[in-house]
Every structure is written in C-alpha cells, then in structure tokens.
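Single-structure report; data block below.
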Amino acid sequence: MSESLNGKGLALIPRAEAKQTMKEFKSDQEVRWCPGCGDYAILAAVQSFMPELGIKRENTVFVSGIGCSSRFPYYLNTYGFHSIHGRAPAIATGLAASRPDLSVWVITGDGDALSIGGNHLIHSLRRNVNLNILLFNNRIYGLTKGQYSPTSEIGKITKSTPMGSLDKPFNPISLALGAEAGFVARTLDSDRKHLQSVLREAVAHRGTSLVEIYQNCNIFNDGAFEMMKDPETRDAITVRLEHGQPIVFADQAVRLARTGGVEVVPRASVREEEILVHDVHNPDPSLAFALSRLDEPAFAHVPIGIFRSVDRPSYDQLMNEQVAAATTQKGQGSLTDLLHGGDTWRIG
Amino acid sequence: MSESLNGKGLALIPRAEAKQTMKEFKSDQEVRWCPGCGDYAILAAVQSFMPELGIKRENTVFVSGIGCSSRFPYYLNTYGFHSIHGRAPAIATGLAASRPDLSVWVITGDGDALSIGGNHLIHSLRRNVNLNILLFNNRIYGLTKGQYSPTSEIGKITKSTPMGSLDKPFNPISLALGAEAGFVARTLDSDRKHLQSVLREAVAHRGTSLVEIYQNCNIFNDGAFEMMKDPETRDAITVRLEHGQPIVFADQAVRLARTGGVEVVPRASVREEEILVHDVHNPDPSLAFALSRLDEPAFAHVPIGIFRSVDRPSYDQLMNEQVAAATTQKGQGSLTDLLHGGDTWRIG
Amino acid sequence: MTKQVQQLDRVIIRFAGDSGDGMQLTGDRFTAETAEFGNDLSTLPNFPAEIRAPAGTLPGVSSFQLHFADHDILTPGDAPNVLVAMNPAALKANLSDLPRGADIIANSDEFTKRNLAKVGYTESPLDDESLSEWRVHSVPLTSLTVKALEDFDISKKDAERAKNMFALGLLSWLYHRPVEATIRFIESKFAKKPDIAKSNVAAFNAGWNYGETTEAFSVSYEIKPAKLAPGIYRNISGNQALAYGLIAASVQAKLPLFLGSYPITPASDILHELSKHKRFGIRTFQAEDEIAGVGAALGASFGGALGVTTTSGPGVALKAETVGLAVTTELPLIVVDVQRAGPSTGMPTKTEQTDLLMALYGRNGESPIPVVAPATPSDCFAIAVEAARIALKYRTPVMLLSDGYLANGSEPWKLPEIDDLPDISVDFTTESNSDDGTFLPFKRDAETLARPWAVPGTPGLEHRIGGIEKADGTGNISYDPNNHDLMVRLRQAKIDGIDVPDLEVDDPSGSARVLVLGWGSTYGPIAAALRRVRKAGGQVAQAHLRHLNPFPKNIGEVLKSYDKVLLPEINLGQLALLLRAKFLVDIISYNRVRGLPFKAEELAGVIQDVIDSE
Amino acid sequence: MTKQVQQLDRVIIRFAGDSGDGMQLTGDRFTAETAEFGNDLSTLPNFPAEIRAPAGTLPGVSSFQLHFADHDILTPGDAPNVLVAMNPAALKANLSDLPRGADIIANSDEFTKRNLAKVGYTESPLDDESLSEWRVHSVPLTSLTVKALEDFDISKKDAERAKNMFALGLLSWLYHRPVEATIRFIESKFAKKPDIAKSNVAAFNAGWNYGETTEAFSVSYEIKPAKLAPGIYRNISGNQALAYGLIAASVQAKLPLFLGSYPITPASDILHELSKHKRFGIRTFQAEDEIAGVGAALGASFGGALGVTTTSGPGVALKAETVGLAVTTELPLIVVDVQRAGPSTGMPTKTEQTDLLMALYGRNGESPIPVVAPATPSDCFAIAVEAARIALKYRTPVMLLSDGYLANGSEPWKLPEIDDLPDISVDFTTESNSDDGTFLPFKRDAETLARPWAVPGTPGLEHRIGGIEKADGTGNISYDPNNHDLMVRLRQAKIDGIDVPDLEVDDPSGSARVLVLGWGSTYGPIAAALRRVRKAGGQVAQAHLRHLNPFPKNIGEVLKSYDKVLLPEINLGQLALLLRAKFLVDIISYNRVRGLPFKAEELAGVIQDVIDSE
Ligand SMILES: Cc1ncc(C[n+]2csc(CCOP(=O)(O)OP(=O)(O)O)c2C)c(N)n1
Ligand SMILES: Cc1ncc(C[n+]2csc(CCOP(=O)(O)OP(=O)(O)O)c2C)c(N)n1
Ligand code: SF4
Ligand code: SF4
Ligand SMILES: [Mg+2]
Ligand SMILES: [Mg+2]
C-alpha cells in the first residue's frame, strides 16, 4: 500500500475491519456500455483499486452526472447517485461538506464536466471540497450519439457540425490550473497501472482532485487516443510526469523555454541540469500550466501523470472548523435561547 | 487615433459619417449608482472613448447581466440589453454570431461573470466570438448588498460569511488564460488613460476580449484596490505590462524563475537581458499565466495592462464563412428543392 | 414454383433485433419502399435505453414498427401482424405485444444456448411448443447471408452484419415492395467501401430470392396503393418536418434563422438537420448548455434573426429563466420542446405529454406565452410555421410541444405548395413612433398589442431593454405599482388576443353527444379509435387542439354543446385541468403514462364505455 | 408648558427619506420601542430599487411604515396618519398615499432649491398652499441636530447624519414611547466610536426635548398597550422567523441543517441569518449559482442532513431541474421561494404571489410536490417546521412560498413553547427491508408511501439512486411501460395523501353566504377588511390556506357550502385556477398585481360588493 494512503485524503473516513475484495465492489447490475468501450477498463481499474484503500465500502459514494460515463456508479457496490447533467460536482459538494466521513467521488464526462457542468467544476476546484473527480474524456458526446464536445478538436465533423466544429477545445488541465486546482492529473483508460497510481495520489489529497482519463469511445470517436496507445507512436509523444524525476521520454527531454513555458528538446542536446525535474508540490502553478501546453498542437506531446498536488485546507474541513469553533466559543445552540434572544417583552 | 483601431476587431462594422462626441453616447437616463462608486469613472471613460472608434453608434450594443455594474447599458445611448444574471455572454454570443456588423460589448461583474456566469464566460473565451467583455471586479456582490464573491479574499467577513469566507478566489486572468482566451487584460477604474488604452486594444482584437477592471465599491468593499491607488504603495506593487517593453517597475524587475513561473527581483541585481520583455503575442499562454500569478499572495504585485493578445479566427467569422461556403458550393437554399429533396412519389 | 398471392388491406410489421443489428436502418428502408409503392403508412421506432447494452440482452433490443395500408391510416398500429426477431432477446421483448396468429420470422442462427441463457430461456422457444399460437418461420438468416457472400472479399463479421439486408430482401419479396431504390441506397451509403456495398446488395437480393425460390414461404402478400389525395408525397418524421418547418418559416419571414441548442434526446435531430442547411443562411450554434442555447437564440432575436431553441423536458426547465426574459422584453423566440418521459431524466427515449403545464407556468411571475402542438409527424412542418407566425407577429416567445412519438415516427406527407405558405414577414421599425421624435420601444400596436421591433443598426432608434419592469410606452425602468399592474395585464392581454383558428369538430353523424378531445400526438390513436367506434355504430365527435394557449375562441361553446367530453392524455390530466378551470366543464380524463402512444383499440374501448354510460 | 395628551386607539406612521437617511433603522427602533410598550403592531419596509440612486431623487426614497394599536391589528395599515418626510423627494413620493388631514413632519432644511428641483417642484410645497389639506409641521431637523451637537467632537457630516435620531426622539416623545432601550441600542451599535454614540444619543434626546419644550407640537398622543394573549413576545420579520423555523426544524428533526443558497433579494436575509447560527451545527453554503445551491442541498439530504435551499422567483426557475431530481429520487428537501414581482427580474424589492403555479408545475414530467405558504411574518416560523415535517416524513421536496411583504414586514410574535413544537425526527433505515436480505430503496411505507431513507455510512444498504425511472421496489433503472405508469401514480398518490389539517372557517355570524378565501401574505389585509365589513353589519366567512398542495381534505366541502367564494390574490388568479379545476366552483377572483399588499379598505369594498350582489 502506498504511503500516501496515509495522507489526509482518507484521514476522516472509517476504515474497514476486514480486507475487501474487488468482487465486493461490483454491484449486481449488468454493465451496459457498448462492447469495446474504454469505460469498461476504467471500471475494472477502479473496482480492483478500491479494496486497497481499506476504507469502509459503505462510506464510499460515487456521484455522477449524465452521459455514458455517468452510468458508472450503478456498477459499484457502494452508495451512488446518478444525478443530472453537469451537476454532480454541486451535489457532491453538499454531500462531502456535510459528511467528512465519506469518500466522495464524482464521475463525469467531457460534456458533463466541461460543457454544461463547467461552472460547477471550476468552482469546486477553487473551493477545494474533498472530492475525487474522474473526468472521462472521450472528446465526444457518447450518450446523445456523437455530437462534438468542448474537448473535440477544431474541425471535428459530427452530426451537429457537418462542416466541422469551429471552436477551440478546452485543455482540461490548463482550465483546472487556471481555476486554482490543488490536484490535477491525467491518465489513460488502457493503462491500468498508471491509472491506479494516479488514483492513489488523488485519494490521498484532501481537497478536490481532478483526474482526466482519456477514454476511447469506439462508437463515435474511435481511436481518439490511438497515438498514445500505438506502440509506433506512443513513446514519442507520451510524457510521463513523475514527482522528483527529470522529465524525459524516448530520447527527448523537457526544459524551460526562454520565452516562458517549456519546450521539448533532444535529450542529447541538453545538460542534465537543464532538464526539468518535476515537482508536483510547486506552490506556483505556472510550471504545471506550461507542461499542460505541451500538447499544443494536439498530440504534439501529451504529459500524463500528476501535474500538481498542492495541499491547502479543504472547504469541508474549514466549514466544519467554523461550526466547531462557533460551538466551542458560544456553546451548543439552544432553541429557547435563540427565540428569546432578541428584545422580548411579557404580556399577562 | 491608435493604429490598432484599424485592426480586425472593427473591420466589419460600418463607420460613422460624422465625428461623434462623448455627449452623443450619453443616454437620457439618470445614473443611479451610489455616490462615489467606481462605476461612474468607468462609465465616463467608456463614454468619452466611444467616439474615438468612429463606428456608427447604432451599430454598437451593450449587453449586461445583473448587478450594479450591469446597469451600465442604460446610460449609454446605444442599443442595450440588460439581461439576466450571468447570461450576458450567451446572449451576446447569439447576437454577435448572427450580426458581424455590430460591435458587441458585455458588461458584467465579478459575481455575474465568475459566479453564476462562469461557464458562459469560459466558453465564450475558448469560442472566441467577437465580444468585448468588461468585467467590473469589485470583489463583492454590490447589488445584493454585500455578500462575498468569487474574487473576495479568503477570510472575508460579509453578511453571508460572518466568520469569514472559506474559498480561494479565482484569479480572473489565470482563469481566462486557462480557458484559451485570446485577449486578456486588466485595468483600474480610476486610471482613465490606462483604461482607455486597454479598451483600444480590446476592440481591435477580433474575437473575445476580456478586460478585468478593478472597481471600487465604496459601500460594501471600500478601498479594495487602495494599495494600487495610494501614492505610498502603488508604485511598489503595480506592474505595468507593455508590449515590447521590459517588465520593470519602481526599482524592481521581473524575470523567469528557475522553478518555472516568474519572479520579482531588484532591478539592480539583474542583467538587462534577464529582464523579461513583455510579448502580448506569445502564442504560448504560459508566460502570461505566470505573470498573472504575480499577485499571489494578493497584492504582492499586480500586473495591469494586456497579458495576452493573440489572434485566431473568431467564431462568428468561421460561422459566417461556413454559411457562405455552403451557399457558394450548393447555391442559395430553395424551399421547393428542400421539400422535394428526399424520396418523393406522386399520387393522382 | 408458383406461389400464392394474397390481398391484404393493411399490415403491421415490427423489425426487432439487437442495437447492433441495424433494425432502424432496415425499418427505414422498408418504409421508403412502402412509401414509393404508394401505401399509406405510419412508423414507430423504439430505441433501447440510451447506451448500447451488451449484445443479446433485453435492454439492448431495438425495434422499428411500420403500419402500411391501402387506405389512409392514422397510427403505427397497436399489434404487429409480423415480428421479425433477429435474436432471442428480440423475440422475448416483443412477444407480449403480438396477437395470437401473428407471423414470427426468427433468425434461428442466433438462438444459441448462450443467447437463450442471456434472456432467461432455458430451451429454445423455436423448438418447444411455447410459440404454438403463432406462425413461426425459423430462418437461419445469419448463415444464409454468410453463405450468400462466400465469394466476396469481406470479413466474416462484415458478412454477418449484412443479415439485416437479407431480412429486408425477404420481407420486400413477401410484400411485393419495389427494390431499386434500396439497391441505389445501399450503393451510395457504402460508396467509399465498394466491397461492402456489393455484398450488402447481394445479401438483399439473396433474401429476396430466398423468399421467391425456397418453400419456406408459400404465400406472399399484396397491399394495393392507398388512394390518397393527389399530390407529391414523401415520407417524413416529426423531427425532420419540424426542421423543414423552421426553414420554411425563415424563408417566409425573410429572416435568417438562428438556432441555439444543446443536444438532448429526442430533440437532437432537429439540430442535426438544421445544421445541414446553412445555404439557407441558417446558423446553428451548439451551446455549452441549454441556458446558453436559448440565451444565444434570444440574443439573435434581439439582432433581428428568427431565434429558435430546441430541447426536451429537462432542458426546458433550464431555459425557464431566459424564456421569462423573452416574455418581458417581448422578443420573438421559438422554444421547441420534444417532450419525453419524466420527471427528471425519466425515460429519455419514451414519449409523453407531461410538459404542458410547465410550458404554461414554468416561470416566475405572471409570464404568459402561447403554446402550440402538432398533431402528427408531418404536422410538425405546419406548426413550426405557425409558431413563427405568432412569435413574429406578437413579439413573444412561443412554446412548441412536440413529443418523442412524433419526433421519431414518420408518415407520408403531401408536400405543400410553397405559394400556399403564409407570408409571415415582419416590418422592423425604422422610424420614431412618437410625436417628439423619440422612440418608444413599448408603445404597442393597437390591434395586436405587439411592441415595435427596432433592431441594432437602425439609426435614431437606439434603446435599452431588460428584465426589470418597464414603463408602458417608454420602456424605461419603472417600479410604479399601477404601471406594473398594467404591464402584467397588457402582456396577458396580448397573448389572450392572439388570432387562433376556430376549433373544428368532426362529427359525421351530426348527432353525437360525446366529444373526444385531444391535443398533440394523440391525434392518430384517437382518430383510429373513433373509426372503430363509429364503424361499430357509435356516434361520437372529435376535435383536436393545436393551439393550447390561447385556446380557439369557440372552444367553450364546443365543450358545452356535448353531454360528455372525453380527453385522453399521456399525462395525469394537464389539459383537462386547464379546461376545467376555464370552462367549469366536467371533462372526463383518460390517462396512461406508459411512455408509449395510446393504442387505438384501448381508446376505442374507453370511448365506447363513455358512450355506453350515457 | 403643559401639553395636551390625546388618546388614540391606533396610529400609522411612515418614515420616509433618502436611502442614506437611515429610515429603515429609524423605523426599526420605533418599532422596538412600540413593541416594548406593548402595542400590537405591523410593519412594512419599502426599499428603493436595488441600487442607491443619487441622493434626493424619487427612486432613492426609502420608507418604513408602522401601524400600532391598543388592540390586535392585522396589517401595516393602508394610509399613514403621519408622514415623516426627510426631504422633498420623500414628500413627493408618498403624498398620494396620505389621506387628507394627516400629519406631515417635514425636514424643512432639505427643501432647498436644488433638492426641490431634483423632484420637479418649482416652489417649496411647504411654502405655498399645495399642502393645505394636511397638517404640516415644518421642522428644520438637520440644523436643529447640528446645533444640538455643536459641542461634540465630530464632523459636520456626522452631525447631520444624526438627524434621523433627532426625528426618532421627536416621534418617541409624540407617542410616549419608552426610550431607554433605544439609548442602549445606540450605545452598543456605536460602541467602537464613542463620539458618534454620544452624539446620536444627544440628537435623540434633543428630538425628544424639542417636542417636550417647544411649541411646535401642542398635543402628544397615548395609545394604550394592546390586550394580547399572555406570553412572551418579540418583534419578528418573516425572513427571521423563517430562519428560526428552519433552525427549530433541524433541532426537532435531530438532523443537521445544510443550506445551499445563492444571494437574491428578498431571500438573502435567510442565508445571512442562518449563517450566524453555526453552533446549531448549521452549515451554510453560498454556492456559485442557484443550481449549485439546490444541488448541494440535495447532496446533503442524500447524506442525511436537512437540506434546504432559499431563493426568490428567478432563482426558483433555475432550480427546477434539480427539484425534479429530488422528486424522482424521493429525498427530503425544502425549497424556500420568497416571491417577488416578476416576470423575469421584475421588481426585486416588491411583493407578489405569482409563483404558485410555477411551484406546482414548473418542472418537466409529472413532478408533484407539496406547497405550503405562511400567512403572516411570524407564521413563517411554524410553516418552516411544517415544511420540514412533510419533507422528512414523506421524503419529498417541499416548496415554501413566502413573499417580499412577509419577508421584510414584522409583527409581535408570541414565542412558542419549545415543548409544543412537533417531534419531526426520522428513523434512518439501517437494516434490510426484504426477505432475501437485500435492500429495496423504493419499497414504500404502506401508510405514507414514503420510501426508506438509508444514508451513506450504513453497512449493507449500499444502493444507487438517480434521475432515470426506477423499478418499483428495487429502484433499478426501468423502462417498463407499466412500471412507469405505476411510479408516476405512486409519486402523485404520495403527495395527494399527505396529512394536512382541515381548513378552518371563521364565521362569527354563523350564517354567512359569502366566503373570502386567501393564501399566503394576504391574510392580514383580508382579515382587516373583514373586520370592517363585519363591523358594518356584513356577514362573511373567512378561510385561509396554508397548504396549497395537497389541499386540506375538507376544502371542497367548504367551498361548496357558500353561495359565493371570493379569492383575492396578488396575481392573475393562480389559486383560483386550481380550485376551479379541481372543484368546478365558480370562484370570484380579485386580482391586483401592483407589487404591494392589498389595502384593507380596498378589499373591504370588494367584499361588500360581493355581498351586495347576492
Ligand atoms: C439537461 C440536460 N441536457 C442535455 C442532456 C442530454 N445529454 C445527456 S449526456 C450528454 C452529453 C454526454 O457527453 P459526455 O459528458 O462527454 O459523456 P459521454 O456520454 O461521452 O460519456 C447530453 C448532452 C441531458 N440529459 N440533460
Ligand atoms: C438568477 C438570479 N440569481 C440571483 C440574483 C441576485 N443578484 C443580483 S446581482 C447579484 C450579484 C452581483 O454581484 P456582481 O456581479 O459582482 O455585481 P456588482 O453588483 O458587484 O456590480 C446577485 C446575486 C439575480 N438577480 N438573479
Ligand atoms: S457510445 Fe461510446 S462512450 Fe458511450 S458506451 Fe458506447 S463506446 Fe462507450
Ligand atoms: S453598492 Fe457598490 S458597486 Fe453598487 S453602486 Fe453602490 S458603490 Fe457601486
Ligand atoms: Mg464524452
Ligand atoms: Mg461585484
């Protein structure tokens, strides 16, 4: 078990008495995604990951919005809330803020989180409630049968954009960093080990953790991440970010650019000290932001792993501290005192 | 008149025949802000700036949401739409996308734009419709009488947060850059010259321009920007960004930091070449983002001016090009052809 | 071998299979052939839950029902005469709808142990006695198809996939459908993959030949073309008709159409369709959410476009605040609600009429808006033009209530003459409307109570509008109590005064004492039920509302001239509530909220009961 | 000089001045003195448009009306007996409400040329004959105050600011109010600025002495304490009572209260108030918008809290989709709508009853929810507890319809005995509710039809809920048509079956043929009107609805037992529509939508007309 599991993220959540199994985390509901959908791999990764946390299953809640991905909670034998389109972060915020003893997960899609739900997402990031947000990014609207999404590439031809989409997509990592996120990571549906390693850290972080998971929709956007999976291309574009490690991949390295930002250069051409050493705890998000721009243009280079993991007090923690402080300072509220607290007078 | 006024931002908007005056831009409505409100200064700055643009007054539209600031359109003798809370960017998007011959302005507040309207704001930025968004940031909800806003500092004591607010505020500039904004700037209510110089460039930019205007609410958040106005402090913290110029202020200079981001150092301690030269056209937003972090912690240093001004085709332009292309390629639509276009058969 | 040919007057076929089996496509093609042949027809696609469930399971079943006849028909039919079942799940899911004696054409290849188990069959129903009350035709569709395509250079999977074309060929033979258009269709659909195109054509032909040459089917059927009104026809679904209606409205209004929309089932296809027709000057904007969709549409309206937004139930709820802004700023706007089963997410692919009261009252304050509803898929065309007419003439948002049944169902549509379409063009105000030369944006037209519409770009008419209460005439912000009362009443009076055609009553007997009233998509089932009742001697009148607000002026009179008024609705009595309140008439409601259209037979029984209880 | 003392049974005073003149504070303090003295009272604050308009203009006028009496009273009064006008704008804005003969106390210092011009007076009305029908007392309040404070070490501006305290002192003398509490109040309010405190006390005393010693006022007035029911009283506004009621509900339910809210006039004060009481375990969350506010509240409910959201009209529209989710997931939730004048932004500070139909129908699908409404400011306390009781017992969102008039108006409130408050605690489900040991989240209580509430953290009851239609019992996703129909009806039946106390009718004559029915904040004006009518010999019954959905079981009977039912509403007839539809009773509506409460006199006339037309 990773050491970070003793981190604050799970500190307030009761621990399971016995060791749990992956099977216990499977619900009795039949899984209903298209055969081949990347969601299956993510589900299996999560189901097999959960026991490792050692927290009570009944203190785990998955909240989702609407979309193919948002069916996820049905398949986990925990508490679950399949809510409405885009609003899962808001609902989860109320839950997590009032129940610090729960491990609250948000499952969302690129449409759910970034289109209709964009505002709740950015606010939960800056607010830093103790949530683990898994954003399944398939760069398409799956459930409504294939319209372009806010992460689709410009020029995307879909049912709603027969001549190609016009708008520049969001880079979810950049957006999250711009929204004061404390924990931001990216991983891939097909790389279970990496996915789980990222989840491990996300859970350990107390506050809102955003994990973008590239997910293949083989029906409406097949192969969107093929370049990161194809052995021919994958190593040349995938930049694995590891805390404390120099950022190198294939025969390339990343260093600070003189015009700001970062740049990829042949490893052989730079001195060791010039190579950026990744620091997820850098209080200044600027470098993480710069790294997030490496895949501009799309798939030039794609960093995966944890971009940023910086602690600050979580909203729920602060909220509960205020409640506690108010109670300590003035004593537990008494209804009689409250009602009689103003200017009163007696008649008769 | 600035050369940039010949930029693309106004290219499609009909030009006024005669020279216009500030007076012509004043409506007959009595201005109803609290005496001393920063909104007055901004109004005067805009009214005196408009004639300079030389476009037809009737082709100018101000759209606003709800808030003290959002009363702005009533006071300008142009077309105006005082809409609903947070939705002005959406309404303006429909207007600007269907009427490229209009100069469309959005007037919004920190609550209007960043709280309820956050999603529309970030989407209009990535979409890049031809809008000039003026965000009056007084770091408070004025109209509803003083609750904290998404730009209020942590610990803010207001009616709704008697023990202090808990959430980290947005940095509007960082947020906008994370949302793929093409034009982002910041200015101050009380500095008319600077304000107008920023507006000049914002207008010249075809696409969405976001201008954050620090605005004093003397009733509910008086002196929020005092440090930037007080002669004692102002020069030591205000970083004026000017394209092509080294970023220096007082006896300080800004340079790239070794841990990513930028840092402020005594000017005397650095070589001239080390000092950052501001480039608003840098295609990589990372450096602009780093600059936006200079006021972390708040008011450590506050850059004002244009952070980023990078051209890309505006949404309305692309949309209209598609309409034009479809028409050129297949000819103007004919209703008869459309209805008869499928498999038809004749009876009788 | 000569085969027997039997004459039928109507047939209901249901194609059912796995989501991946291409049943919607098969149904569409069979429909096209049938339309070309000249039968009247009506269709009912039935999708599974939104996500493709695992192959072979019950939730994964997709079906398409087609009713065609030698006379005009009104519904896709209650109960199929023929079920094409591509796998055990398709059989199981649909069997309960199948009347005894109906034909079942089952793809026996798929009745494997594994597939049977998936849906809880322990033994194959094709082999035991359980289907003895139906006429079962076991056909190894998959293997026949694969066999037929042996010589093609395609994968086994692709060969197997063509089995729906084999089935289509077989059914086309069985009902004497013309095949050329289908072959052309396949060729063009797979134009980029000639091997697939050829093999699909071959599968289709093989299906046809299988019917023609084997002894499996000894009878084929002929259904004469229907004697419909002369004209040019095409088959059309409600969503497509609605999109075309909006285009027509734009043309007839001489205003560019701006659609602001966010995808949602079952409304998305209107967005898809409109986005194809940019050469009409149409701009389609896929917004970040429903609020932005309607906001952008309203912004475009302010700029002088025909602003439209399309959505479904939950999306309408989100648009409420902006629609309220449109009400108070008195700008034209069309809000299309393709109703689906609620509340909340409900059953997105199922139909319902449960948004009527939300359409009327789902906003804060007194916020009246007109509501119209199409009666049939093709009526979606006319109702869209009507919605635009009202919106533009009265400067008001209009709610158009379609539903999932109309949206996806289709029927032959006699194409309107373009010249017969109403001229709904508007005059923008270009000059001052007051003595002192100022512009009064809320000075109303004496007749319609509409306010002037002056769009940005018009010199001298610069003005500001907004969501705060406005002074009558000047439109300036006003908190004056009496002005508010006046404005509330003026907005209401404007809507109440909209010119709406009188309600027409159909009573062939001339002496009916019972009126059956309907609105929206229940038209077909009600009319079909009435045919049955009347055939059996029942005297009963029918009237159907296309205008739900305001009501036709004569409706009170109509209601009061019958002893009983029966109102079937796919809700818990929403229109009934309105009529009862307004006319104090004791409407008899019949409500079923099953996510499905009414069945004609079911309604016929209900109607008969009401007549009998006289 | 001895002055005359006159006895009065009731007085209506209106303090009016510029937004910056502190009229609300002055009114509040006068109210507190009056409450302490033991009069019954009722208040009506009236704010200007949201933003402080430029000083001295009409839109900048702020007023506070207080009605107090030696008997119990029901409204803040129709027409003031006394107007305190701090400037020309205050005079002009309020004069039309002032009956002839009323007293005007005007701050003559402010009637300068400039100030007069701002509101269109060419000459001072204090100097010409235009006010001859009123009793005008010109008092140079500002200069008298400045004079009185000459010796204090404060700026001239601060001295001038104290003029409202001078006015308060004068009025306190005029009506024999006890002053000690006010002095204490001033001292504690300015505790940190002792100079200001002292000068304000001095101004207050100076005002009192001015009345006592000068000859400007020759008569003072005495209004005996009212004989109210024995008990402990405090003065309370509707918003405060509502907040206290929610706290009481949390205590009585033994559940922590979670408020998710977004500021909006006139609901914000509930958020403000609740945020002060964290020691009750209350969590207040200022969300990014209304949707997040209600979403967070629902999330907290899912976690076992008492989830509450508070808002006003436009905010309710935004919450609709989430409320629908609460309906279908059957979770407790309280949605407070402090209604304000609409549509759209409307007139935020004005009152209205126009959200009733939105509360009932403003969501997609059949989405029934209970609706309750308080009758008076203090009733907001009880209705909040009642809303919580229903929400928790029936696992349903409840809409609580307050309004701007109740929210800001105040009245003496006899404090309830804590022991009399209902126990509304709930039992969370902690064990399986089925034979096979599984948990069935939609297996209902036989009597209430409520589903079990098992909160996260409960071992063995892990389950999933959501917005898609659920199978009866198991709660699994279901697209089964009959299940949907069943669930639609069960949800409706659950709400229809809520236990609601019978409607009580007040008919002192026992033989009234006319019933006046009301709901919400019209209670006071209707009751006051009835007093007048009855005093004049009219026989008329009154009933007031606090439960709008479901209605009390006996309501149909009540309605039918009168010849005529008159229903005054501050809307265009929303409750009337519901009652007409349900009971086919020809309700007589009286509607005025002026953003203001009805006046008792106005209603008395209407009631008399209805009686006379018998
Ligand atoms: C209010 C509302 N608007 C629209 C929809 C329709 N809708 C459902 S899911 C979805 C988008 C799904 O895309 P994404 O979030 O990327 O999820 P995916 O299906 O790709 O996993 C949309 C538009 C809805 N259910 N509710
Ligand atoms: C839907 C809706 N929610 C809430 C409100 C209430 N409201 C009006 S303005 C405002 C916030 C104003 O703050 P800001 O945008 O910063 O503008 P300022 O008044 O400070 O200029 C709020 C919450 C509203 N009018 N509509
Ligand atoms: S549509 Fe795409 S995302 Fe949805 S289940 Fe199918 S493959 Fe997965
Ligand atoms: S409240 Fe603040 S922002 Fe609003 S008008 Fe007054 S000073 Fe300006
Ligand atoms: Mg997606
Ligand atoms: Mg603000």
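Throughout, a chain's letter reflects where its sequence line sits, starting with A, and its residues are numbered from 1.
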Winner by heavy-atom pair count (cut-off under 4.5 Å) against chain C, out of [options]:
options: D:Thr328, D:Leu318, D:Leu572, D:Leu357; answer: D:Leu572
options: D:Thr329, D:Thr322, D:Asp355, D:Val323; answer: D:Asp355
options: D:Lys582, D:Arg363, D:Gln339; answer: D:Arg363
options: D:Arg340, D:Lys350, D:Arg489; answer: D:Arg489
options: D:Gly362, D:Gly342, D:Gly315, D:Pro343; answer: D:Pro343
options: D:Glu352, D:Met487, D:Lys470; answer: D:Glu352

So which of [options] has the biggest tally of heavy-atom pairs under 4.5 Å with chain D?
options: C:Ala359, C:Pro314, C:Gly324; value: C:Pro314
options: C:Leu360, C:Leu584, C:Ile587, C:Asn591; value: C:Leu584
options: C:Val316, C:Val327, C:Asn482; value: C:Asn482
options: C:Gly346, C:Ala317, C:Gly573; value: C:Gly346
options: C:Gly467, C:Ala341, C:Gly595, C:Gly466; value: C:Gly467

Just jot down the salt bridge (charged side-chain N to carboxylate O under 4.0 Å, His left out) partners of D:Asp472, sequence neighbours excluded, or say none.
->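 Expected list: none.
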For [X] and [Y], indicate whether the former's side chain and the latter's backbone hold a donor-acceptor pair under 3.5 Å.
X: C:Glu366; Y: D:Asn571; answer: no
X: C:Arg594; Y: D:Pro481; answer: no
X: D:Asn364; Y: C:Ser344; answer: yes

With a 4.5 angstrom heavy-atom cut-off, is it the side chain or the backbone of [X] that approaches chain D, or both, or neither?
X: C:Asn483; answer: neither
X: C:Ser478; answer: backbone
X: C:Arg491; answer: side chain
X: C:Gln353; answer: neither
X: C:Ile291; answer: side chain
X: C:Asp337; answer: neither

Could you check if a side-chain atom of [X] sits within less than 4.5 angstrom of a side-chain atom of [Y], using non-hydrogen atoms only?
X: C:Met358; Y: D:Met358; answer: no
X: D:Tyr361; Y: C:Leu577; answer: yes
X: C:Leu596; Y: D:His484; answer: no
X: C:Met347; Y: D:Glu469; answer: yes

